[in-house]
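Before any comments, here is the structure.
Please read these numbers as outputs of a predicted model, since none were measured by experiment.
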Amino acid sequence: MRWLLATLCFTLIGLANASTAPTLQGKSIDKVLVVKSERKLHLMGRGEVLKSYRVSLGKEPKGPKLREGDSRTPEGFYWIDWRKTSEKFNLSMHISYPNARDSANARKKGVPAGGMIMIHGTPLDDEYPEWYFHTLDWTEGCIAMRNVDMREVWRLVQDGTLIEIRP
């Protein structure tokens, strides 16, 4: 019931914002699809890939996130539910992990599910240039992108957008 209510709320928010939504190729972004095995984030509009970006994942990229601290990127259906600027990672957009299934699985194992999974940019670091981060999986479970790509995704993807993360 809670999931249904959340879905309804995000759908209504999406409909209310549809007329002011930014577009890509004249089409609205209605879904973000991350395919972990490809290290790709796709912006989707009505089932069509409108643009793709290379991403970095958690340090343990294979398999779904099982618990807090496992350095895995989750798999499943979530929402982009809020965003913030970050001194460490520039721009960041929060993913609504854990969902009900993630929470139930963690509870069964008696471990915390974790949280604060974000799509974010890359640190600005004098010792390690941005290209260094872009070529490996280095996060604690988040999805990282080049800062120029993150700025574009930030502009195109609204809060309330569905995100699917596949193996």
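Between Asp30 and Arg46, no side-chain nitrogen of the basic residue sits less than 4.0 Å from a carboxylate oxygen of the acidic one, so the salt-bridge criterion is not met. Of the charged side-chain nitrogens involved, at least one lies within less than 4.0 Å of a carboxylate oxygen, so that Glu152 and Lys51 count as a salt-bridged pair. The pair Arg166-Glu75 fails the salt-bridge criterion, with no side-chain N (NZ, NE, NH1 or NH2) lying under 4.0 Å from an Asp/Glu carboxylate O.
You'll find the side chain of His94 stays beyond 4.5 Å of the side chain of Arg83, heavy atoms only. Contact check for Leu156 versus Leu43: side-chain heavy atoms found under the 4.5 Å cut-off. Looking only at side-chain heavy atoms (C-beta outward), Val153 and Met145 come within less than 4.5 Å of each other. A heavy-atom distance below 4.5 Å is not found between the side chains of His120 and Asn90. The side-chain heavy atoms of Glu60 and Thr73, taken from C-beta on, include no pair separated by under 4.5 Å. Under the 4.5 Å side-chain criterion, counting only non-hydrogen atoms from C-beta, Lys36 is not in contact with Lys62. Two residues are said to be in side-chain contact when any heavy atoms from C-beta on lie closer than 4.5 Å; Tyr53 and Lys40 fail this criterion.
A continuous path of ILVMFWY side-chain contacts below 4.5 Å connects Leu50 to Ile143, so both sit in one hydrophobic cluster. One hydrophobic cluster, built from ILVMFWY side chains closer than 4.5 Å, cannot hold both Val32 and Met118; they sit in different ones. In terms of hydrophobic clustering, with Ile, Leu, Val, Met, Phe, Trp and Tyr side chains grouped at heavy-atom distances under 4.5 Å, Leu41 and Leu24 are assigned to a common cluster. Linking ILVMFWY residues whenever their side-chain heavy atoms come closer than 4.5 Å, directly or via other members, places Ile165 and Val55 in the same cluster. Under the 4.5 Å side-chain heavy-atom criterion for grouping Ile, Leu, Val, Met, Phe, Trp and Tyr, Ile80 is not connected to Trp82 through any hydrophobic cluster.
Shown here for Ala106 and Pro112, the closest heavy-atom pair between the two residues is CB-C, 4.1 Å. In this structure, Gly114 and Pro98 approach most closely via the heavy-atom pair O-CD, 3.5 Å. For the pair Gly121 and Ala144, the tightest heavy-atom approach, listed with the atom from each and the gap, is O-CB, 4.3 Å. Closest approach of Asn99 and Phe77 over heavy atoms only: ND2-O, 3.3 Å. The minimum heavy-atom distance between Pro123 and Trp138, with the atom names listed, is CD-CH2, 3.6 Å. Of all heavy-atom pairs between Pro22 and Gln158, the closest is CD-NE2, 3.6 Å.
Glu164 contributes no side-chain N or O that, together with a main-chain N or O of Gly76, makes up a donor-acceptor pair within less than 3.5 Å. Proximity of a side-chain donor or acceptor of Ser92 to a complementary backbone N or O of Lys84 within less than 3.5 Å is detected.
Interatomic distance, Ser52 OG to Glu38 CD, rounded to the nearest 0.5 Å: 8.5 Å. Atom CG of Asp137 sits about 13.0 Å away from atom CZ of Arg72, to the nearest 0.5 Å. Here the straight-line distance linking atom OG of Ser56 with atom NE2 of His134 works out to 6.5 Å at 0.5 Å rounding. One distance of note links OG of Ser96 with OH of Tyr78; it measures 7.5 Å at 0.5 Å rounding. One finds the CG atom of Leu57 at 10.5 Å from the SG atom of Cys142 (value rounded to the nearest 0.5 Å). Interatomic distance, OG1 of Thr139 versus CD1 of Ile119, reported as 11.5 Å (0.5 Å rounding).
Membership of the apolar cluster around Val49 extends to Leu33, Val35, Met44, as traced through chained side-chain contacts below 4.5 Å between ILVMFWY residues.
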Q: Quick one: do Thr161 and Trp79 satisfy side chain to side chain contact (heavy atoms under 4.5 Å, CB included)? Show the steps, please.
A: CA-CA 6 Å; Thr161 301; Trp79 302 100; over 6 Å; no

**Q.** CA sep, side-chain torsions, deciding dist, call: Ile163, Val34, side chain to side chain contact (heavy atoms under 4.5 Å, CB included)
**A.** CA-CA 8 Å; Ile163 178 169; Val34 175; 4.1 Å; yes

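Within the structure, the salt bridge (charged side-chain N to carboxylate O under 4.0 Å, His left out) test picks out no pair touching residues 91-107 (sequence neighbours left out). Residue pairs meeting the salt bridge (charged side-chain N to carboxylate O under 4.0 Å, His left out) criterion with at least one partner in residues 138-150, sequence neighbours excluded, are Lys59-Glu140, Arg146-Asp149.
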